[in-house]
Amino acid sequence: MEAARALFAARGYRATSMQAIADEVGISKAALYYHFDSKEEILRRLTIPLLDELEAVLAEAESCDSAEEVRWRAIEGYVDVHLRHRQTLTMLVKDMTLLVQAPIADRFRAAIALANELVAGPGCGLEQRVRACQVVAGLADPVVLFRDAPADQLRSTILDGARALLGAPVAPRARGLPRGRNGGRRAILTDEQVTRVRALYAEGCSGEEIAARFDVSRATVYRYLKI
């Protein structure tokens with residue numbers, strides 16, 4: 001799966017053959033077909049986690065009490081999911097035609113429409129809806145365009161841009177790290193951070209030390225250590 005994701009992102013889905021994936025892993029094509037019926041199945045299994053997480057964070061945001069909390073839970077969750085799946089997103093953008101194929105396309109369109117609605121808020125006019133659309137469009141594009149930038153730095157810059165578009169004040173940060181909703185600790189780590197968290201834990205660092213370093217709660221640290 002990781003070999004296919006990397007090849008799809010680098011070469012494009014249509015330009016990558018099953019043989020190329022098998023060669024990258026070091027197995028025969030027949031062995032690859034033993035695990036996956038087709039290249040389309042690999043694509044689906046790579047894409048579904050992104051969609052599942054995106055739908056989950058938007059549903060969680062939708063259940064919040066105030067419109068402002070709904071808006072920022074949706075925005076931050078949207079960014080965090082795309083950062084966690086930035087290679088998958090790059091893979092999809094590499095072959096834009098993949099984004100118009102059902103059922104993947106239907107789920108993406110529905111998620112984007114819901115994000116627009118949550119960011120705009122209830123009872124809003126055309127100006128607010130257009131601004132919300134601009135914000136949502138600007139949450140994922142930088143993840144692909146600046147995919148080599150450090151995830152923390154990119155996250156904070158994207159969120160600052162969203163605040164600027166919405167006329168909201170720039171959120172304060174501690175130790176240079178982006179904050180979570182309402183200035184609290186973030187509940188989601190990027191893939192790079194998760195790898196580092198596990199390495200530090202293996203080296204003997206306590207959960208409390210790791211939580212302080214990444215500005216998250218100990219519960220968040222232990223949740224990722226169990227995955």
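The chain is numbered in sequence order, starting from 1. Scope of the values below: all heavy atoms of this structure, side chains included, with no hydrogens, waters or symmetry mates.
Under the 4.5 Å side-chain contact rule for hydrophobic residues, Val130 and Ile75 do not share a cluster.
Considering only residues two or more places apart in sequence or on other chains, Ala31 meets the side chain to side chain contact (heavy atoms under 4.5 Å, CB included) condition with Ile27, Ser28. Residues meeting the side-chain hydrogen bond (donor to acceptor under 3.5 Å, both in side chains) test with Thr88, sequence neighbours left out: Arg5. In this structure, the side chain to side chain contact (heavy atoms under 4.5 Å, CB included) partners of Ser17, at least two apart in sequence or on a different chain, are Gln19, Ala20. Glu40 is linked by a salt bridge (charged side-chain N to carboxylate O under 4.0 Å, His left out) to nothing, counting only residues two or more places apart in sequence or in another chain. Scanning for side chain to side chain contact (heavy atoms under 4.5 Å, CB included) contacts around Val70 gives Cys64, Leu118, with sequence neighbours left out. Partners of Asp23 according to the salt bridge (charged side-chain N to carboxylate O under 4.0 Å, His left out) rule, which considers only residues two or more places apart in sequence or in another chain, do not exist here. Shown here are the side chain to side chain contact (heavy atoms under 4.5 Å, CB included) partners of Ser66, two or more places apart in sequence or in another chain: Glu68, Glu69. Residues forming a salt bridge (charged side-chain N to carboxylate O under 4.0 Å, His left out) with Arg45 (at least two apart in sequence, or on another chain): Glu41. Considering only residues two or more places apart in sequence or on other chains, Glu24 meets the salt bridge (charged side-chain N to carboxylate O under 4.0 Å, His left out) condition with none of them. In this structure, Glu62 has no side-chain hydrogen bond (donor to acceptor under 3.5 Å, both in side chains) partners at least two apart in sequence or on a different chain.
To the nearest 0.5 Å, the span separating CE on Met18 from CD1 on Ile21 amounts to 6.0 Å. Considering CE of Met91 and CG of Leu7, their distance stands at 11.5 Å, rounded to 0.5 Å. The line from CD of Glu55 to CD1 of Ile48 is 8.5 Å long, rounded to the nearest 0.5 Å. Rounded to the nearest 0.5 Å, atoms CG (Leu139) and CD (Glu76) are 10.5 Å apart. Put simply, CG on Leu92 and OH on Tyr13 are 11.0 Å apart, with the number rounded to the nearest 0.5 Å.
Taking all atoms of both residues into account, the shortest heavy-atom contact from Ala4 to Ile42 is CB-CG2, 3.6 Å. The minimum heavy-atom distance between Ala120 and Cys124, with the atom names listed, is CB-SG, 3.5 Å. The two residues Val79 and Arg155 have their closest heavy-atom pair at CG1-CG, 4.0 Å. Contact between Pro49 and His85 at its shortest, heavy atoms only, is CB-CE1, 3.9 Å. Contact record, Leu154 with Pro142: CD2-O, 3.8 Å, taken as the closest heavy-atom pair. Pairing each heavy atom of Arg86 with each of Phe146, the nearest pair is NH2-O, 3.4 Å.
Contact of the Glu53 side chain with the Asp80 side chain is not registered, since no non-hydrogen atoms from C-beta on lie closer than 4.5 Å.
None of Val135, Ile158, Ile112, Leu83 except one satisfies the side chain to side chain contact (heavy atoms under 4.5 Å, CB included) rule with Tyr78; the exception is Ile112. If you run side chain to side chain contact (heavy atoms under 4.5 Å, CB included) between Val81 and each of Asp52, Val143, Val57, only Val57 comes through.
Applying the side-chain hydrogen bond (donor to acceptor under 3.5 Å, both in side chains) test to residues at least two apart or on different chains, the pairs with a partner in residues 111-136 are Arg131-Gln134. Counting only residues at least two apart or on different chains, no ring pair (Phe, Tyr, Trp, His ring centres under 6.0 Å) pair has a member in residues 14-69.
Formation of a donor-acceptor pair under 3.5 Å by the Arg147 side chain with backbone atoms of Val144 is found in this model. Side-chain atoms of Thr47 do not come within 3.5 Å of backbone N or O of Arg44 as any donor-acceptor pair.
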